[in-house]
Each structure stands twice: as C-alpha cells, then as structure tokens.
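Below: one structure, written as structure tokens.
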Amino acid sequence: MSTKPKVFITRRVPESGPTLLKTQCEVAQWNKDDPIPRNELLSSVKGVDALFCLLTEKIDGELLDAAGTSLKVVGTMSVGYDHVDLQACAERGVKVGFTPNVLTNAVAELTVALLLATSRRLKEAIRAVENGLWGTWKPMWLCGPGLEGSTVGIVGFGRIGMAVARCLKPFAVNCMLYTDFAERPAEAKEIGAEFRSLDEVLAASDFVLACVALTPDTKEMFNKDLFKKMKKTSVFINTSRGGVVQQDDLYQALVSGEIGAAGLDVTTPEPLPTDSPLLTLDNCVALPHIASATHNSRGAMSELTARNILSALNSQPMPSEIKAS
Amino acid sequence: MSVQAYITRQIPEEGMSILKKKLNVSSWCSENVMPREDLLKHVKGMNGILCTISDNMDKEVLDAAGPQLKVISTLSVGTGHIDVSECKKRGIEVLNTPDVASDSAAEFTVTLVLLVARRLLEGMDAVKNGEWGLWKPMWICGFEMGGRTLGIHGLGRVGFGIARRLKPFNIERIIYHDLYHKEYASSVGATLVDLPTLLAESDMLCICCAPTPQTIKSFNKEAFAKMKEGSILINTSRGVIVDHNDLDAALKAGRPMAAGLDVTDPEPLPIDHPLMKNPKCIITPHQGTSTWATRINMAKAAASNLYISLLGH
C-alpha cells in the first residue's frame, strides 16, 4: 500500500500549482499572503517529500535537516535562487527546481516600463499634477533623455537581458551593447547587439541595465568605482537583485550627479525602509519587486514549480532543474 | 526694410541662434506664457512669428500684427491654437514641426501604456507609503502585453511608432482605425477596422488622431460603453477628443478598466475635476515630446521653417 508523497507549500499561490500537486500528493499549505515565520516553517517541513517555496524562504542546511531524509526536491517559485544553498541540497541528494522562461516576458516588459518611466521623469510629472504644480506648457520643463538616438548597455546577456534588448530595439536606439562572461554571437546578431567589455559598456551607454544573476562574482558589482565610469547623464536600471548594487554608493552617485537617474525594482533590503535616502530623490524611481507580477506569469510560475516537483518525485527529468556548479 | 520676427517664448538656444543669424529677431525672454496684452503689442509690424501652443493665434492677433505678417511657425505639431482658415484667407503661411516630434511622442505613449498596464504608480506609492511587505505572489499583478490586441485610433507617424514599439512585446494583433488604409500598416501587420470594432476589440486603445469635427468629443459615453472589459485607454493626442466627465463615469463602471492621459481639456485640468482623484486615471502634464533632443530639434525646425519661409532659402 503506497501513501501519497507529502508536499508543503509555503504560501498562498496561484491555484494552478496546488491543483496539479493535489492530483498526486498530499498537500499542506501556509495559505496566507504573508510569509511563514521561520519556526513554523521548520516544523512544517518535517518528514515532507517535497517543498514548494518562494524567494522569501532561506533553504539552507538548517531547513534541510529539519525536513529530514524524506525530502527529495525543493521547487522555488522564482528564477532567482540566491536564497537556496545549492551545495547543501546536492550533499543531501535534494533536487532543486526553479522557474526560468515563463516569467521572461513579464520581467522584460517591466524592465522597459521602468526604464521609460525613469528616463521620461514620470514620477515627477505625475506628482506635479497631483500637487497642483501643472501650469501651462513650457518648452524645457521636465525633459528627460529619451531612447531615440541613444546607446543602451545590457549587463548580463541571459534570457532576460536578450528579451529586454529585443523590446528596446524599435525605440530608435542607435547602438545596443551588451557585456557578459562570454559572447553570444548568434543571438546578438539576431537582436542587433554588439559585445563589449564591461568598462566599454559603462563608458558608452546612456542607459545601463543590470540583468545579471546574483552570485559571489556579481555581489555589489555596481559600486562607487563602477558609477564613476558611467556617463553623468546616464540612467541605471536594476530589475535583477538588490544585492548586485552597493546601495549607499548608488545614493551618493545620484545625489552628486555622478549618474543621471536610477530605476530599481529590487533593493537591499526588501522591502526598502520608508526612510531610505533613495526615496528622497526625484531622480530615483523605486518599485516593490513586481517585475514578474502579471496574472499570466505568476500562474505559469506556480504550475511550473508543481511540474518540477512532480517530475522529481516520479524520478523523471525536471522541466527546469538547477544544480550546484 | 529688414525682415522682422518675434518669438513668443524663451526657446532652446539652438533655435534662437539660427534666427539671430538670419533675421532681425526679438523675443519674450521667459519660460512662461506671454500675457495677452503683451502678445498683441509685440506682434505689431512683424513679418514672422514663432509661437507655442499656449498662444491663441486668432483674428485679433493677426489684426494686431498687421498686413505684413507672412508666416506663423509653431513649436508643435498641433495647430489647434491657430486660426488656420483665417491665415489662409490672408495669405499667411502656417508651419509646424511634425517630423522631429514623433519618436518621443510614440515613446511617451508606450510609457503610459506600460505604466497603466503594470500598475507602476501603485507600486511607487506602495514603496513610499510603507505598504511594501515581503514578496507576495499575487500583489500588484498587472496585465501583460502578450496575447493582447493593440488598437490605434489614427495610424499617423505617432500611431505607427507606437505599433512598432509594442510589437516585440508578443502582441497578438494590431488593429487601427483611420480615414483610409495606410500602406505602411502592413509592415507591422496592422489591419484597418471600423471604429466600433476598434472600440470593442482593443485591449489597449491609443488615441493618435488629430482633433477634427469628426473626432472632437468622440470618446464619450456611447463610445466607452462599446469598449472591452479590462481594456486600457491612452490619450496623447489632444484633450478635446475625450469627454472627461463621461470618462470618469466610464472608469467607475469598469469600461475602460484604466486610463492614461497626457493631454486634457483644458490643460491643466482643474485640481477638483473628478478625474484628478480617480485612481483608475493617470494624468501627466503634456509631456509627449519632453526629451531634450526633441525639444531642441523642434526649436531648430520651427526656426528653420520661419526663416526659410521669410527669406526663401
């Protein structure tokens, strides 16, 4: 007599995932919108076969040990996996699934939206209307750089970087540059982007987009020295992870005019405290990590996480597995 | 007798310097609009006037200038502030700046489409007001461009520019309504449809037509009732095309779901107008062409238009 595998879901998520899991598993769930407290999580994972988690749960040795030897797979409903200790999982034979691709379009879209809102000074414009500062039309009021004739630099030419480049092309961009550990000549040719070193991208670009994963190599890469290499009128956009930016250095760069403006969907910490100096700046736009926040993409992420988990439980290849390197 | 020109506002130096080289030019040295009495005084005896949309270039101004006035060059694409038929009667040429403005206007319209669809303002406010908690899967979810129908009302330079820019976002279908079929529509795969179809089938509807007797106040209660549930309406053309009281009621009824307006009637909209408080309506202060490069190019174009018309070369 076989019992169904046990899965614990750490939050209320779009129904597509839990519905799929319930066809084969016994599902327990923290069915709330707010994150599960750590001690609750540690007791809830005891003896489960699979864990469906979000980026708010730290998947480390402590948690894996609390689950015990029954745990076969962790599926995170995110493309970032910096909250997962891949090494610790590998040591215990626990597979890890994540959700690339299904959120690429939503993230590319929000990245472009954030770039446009930042460069065209939407925050200041909307506040001016709200605060009764809108007078009659003036030729140079609230003007911004605009994409027409500009040079765009994509730092990190992965799925999201490439999708963003494709979306930006028809905005009359003059020059699309990218940098990464390795060149991608085929994709770059199709998109019309050119490979350059990081320093060359920083020096030449009017718009610099951080599209890298957070790793020990990229942690706080965007710091004082890097901002110095950027144009004084440049616009910096980060929709990757807050951890790739040295945030105090960013504030200094914005306030001193070292760079022109910044648009951030990710910060350190998250949420950003309301007294953060970044929020006092007109030339900084901050969004609350909503790059993948569309009904389509969150539903798809939930479903893919469930499929990752079911595949692993059935000893089949996972649609999207991530392994320790 | 030397050729005299007057500029009704402080414009970028790149435009001023073109005129100073070629003509005897004087100007109103302020960022702000010329008061009416000053306008009527300073246009007297001018052969050419460079104006902006804030100047009401009506019969009274034309009379005040005198019969030697040969050309009005406006720092805009729109000419609604100029009595064009009266100018025609008097042999006064009216010139505008269409070609240099389209890219930034198309870009701004796409900015509004994405801003509204992805609820960026709610996101910005949530950060400021401390409503941002730890990451949640279903918070501030917007709608994606993928699989949607984009509708353009008026496939001119700006309308076409919008279609080109949104196409890579996996738009399913692009439809447009115009007076007649446009050759270049096929390059973005756009199909000509009648107005009722445009209203009924667009997920994102962008108003890009000029204000004419047919289009003025055409976006009214009847039109909104035909719009798709969950749709977004964007207007970056001219405010008079939309009935703003009807729009407020329509947004409250959910059809369209949300709107973004860069132009209103009047501008600015009075602070107590219901649309100003409607959370489903984002209003920006006529920023369509507000990039440094575009405004400079508009100034150069308006200046060139003026002196070429006056000096013939």
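Computed over heavy atoms, backbone and side chain alike; hydrogens, waters and symmetry mates excluded. The chains referred to below are lettered A, B, ... by the order of the sequence lines, with proteins before strands, and numbering in each begins at 1.
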Side-chain donor or acceptor of A:Glu109 paired with backbone N/O of B:Met145 under 3.5 Å: yes

Which atoms of B:Leu166 approach chain A - backbone, side chain, both or neither, heavy atom under 4.5 Å: neither

Part of A:Leu142 within contact of chain B (heavy atom distance under 4.5 Å): both

Non-hydrogen atoms of A:Arg298 and B:Cys141 that approach each other most closely: CG-SG, 4.1 Å

Interface moiety of B:Ile271 toward chain A, non-hydrogen atoms closer than 4.5 Å: side chain

Leading residue by heavy atom contact count with chain A [cutoff under 4.5 Å; candidates B:Gly133, B:Pro266, B:Gly147]: B:Gly133

Contact residues of residues 110-118 of chain B (partner chain A; heavy-atom separation under 4.5 angstrom): B:Val110, B:Thr111, B:Leu112, B:Leu114, B:Leu115, B:Arg118

Nearest heavy-atom neighbours spanning A:Pro139 and B:Arg9: CD-NH1, 3.7 Å

For chain B, the option from A:Leu287, A:Asp33, A:Leu168 that forms the most heavy-atom pairs under 4.5 Å: A:Leu287

Per-residue contact mode, A:Pro145 against chain B (heavy atom under 4.5 angstrom): both

Residue A:Ser297 versus chain B: region with a heavy atom under 4.5 Å: both

Heavy-atom proximity to chain B below 4.5 Å, by part of A:Arg166: backbone

Side-chain donor or acceptor of B:Trp135 paired with backbone N/O of A:Leu55 under 3.5 Å: no

Any residue meeting side chain to side chain donor-acceptor pair (under 3.5 Å) with A:Thr76, in chain and number order, not counting sequence neighbours: A:Ser78, A:His83

Shortest non-hydrogen separation from B:Pro137 to A:Met77 and the atoms involved: CB-CE, 3.9 Å

Which atom of B:Thr264 lies closest to which atom of A:Trp134, heavy atoms considered: OG1-CH2, 3.4 Å

Atom group of B:Met138 that falls short of 4.5 Å from chain A, counting heavy atoms: both

B:Glu131, part contacting chain A, at a heavy-atom distance under 4.5 Å: neither

B:Ile282, part contacting chain A, at a heavy-atom distance under 4.5 Å: side chain

Interchain contact, B:Thr294 with chain A, by part (heavy-atom threshold 4.5 Å): side chain

Note: B:Asp125-A:Arg127 ion pair, threshold 4.0 Å (strictly below): yes

A:Arg120 side chain to B:Ser104 backbone, donor-acceptor under 3.5 Å: yes

Residue part contacting chain A, namely of B:Phe108, when any heavy atom lies under 4.5 Å: both

Chain B contacts, top residue of A:Arg12, A:Met301, A:Glu148 (heavy-atom pairs, under 4.5 Å): A:Glu148

Region of B:Pro12 in contact with chain A, defined by heavy-atom distances below 4.5 Å: side chain

Pairwise side-chain contact, B:Leu121 with A:Ile126, heavy-atom cut-off 4.5 Å (strictly under): yes

Contact origin within B:Thr284 toward chain A - heavy atom pairs under 4.5 Å: both

Main-chain N/O of A:Lys138 paired with B:Glu31 side-chain donor or acceptor, under 3.5 Å: no

Over 12 non-hydrogen atoms of neighbours within 6.0 angstrom of NZ in A:Lys58: no

Chain B interface, residue from A:Thr56, A:Val13, A:Leu279, A:Leu110 that has the most non-hydrogen pairs under 4.5 Å: A:Leu110

Best-contacting candidate, B:Gly130, B:Gly142, B:Ala299, B:Ala126, against chain A by heavy atom pairs under 4.5 angstrom: B:Gly142

Structural part of A:Leu54 lying under 4.5 Å from a heavy atom of chain B: side chain

Proximal component of A:Leu133, with respect to chain B [non-hydrogen, under 4.5 Å]: neither

Among the listed options A:Asp34, A:Leu122, A:Val285, the residue most often paired with chain B at heavy-atom distances under 4.5 Å: A:Leu122

Side chain to side chain, A:Asn105 and B:Phe169, heavy atoms closer than 4.5 Å: no

Side-chain heavy atoms of A:Val129 within contact of B:Pro285, under 4.5 Å: yes

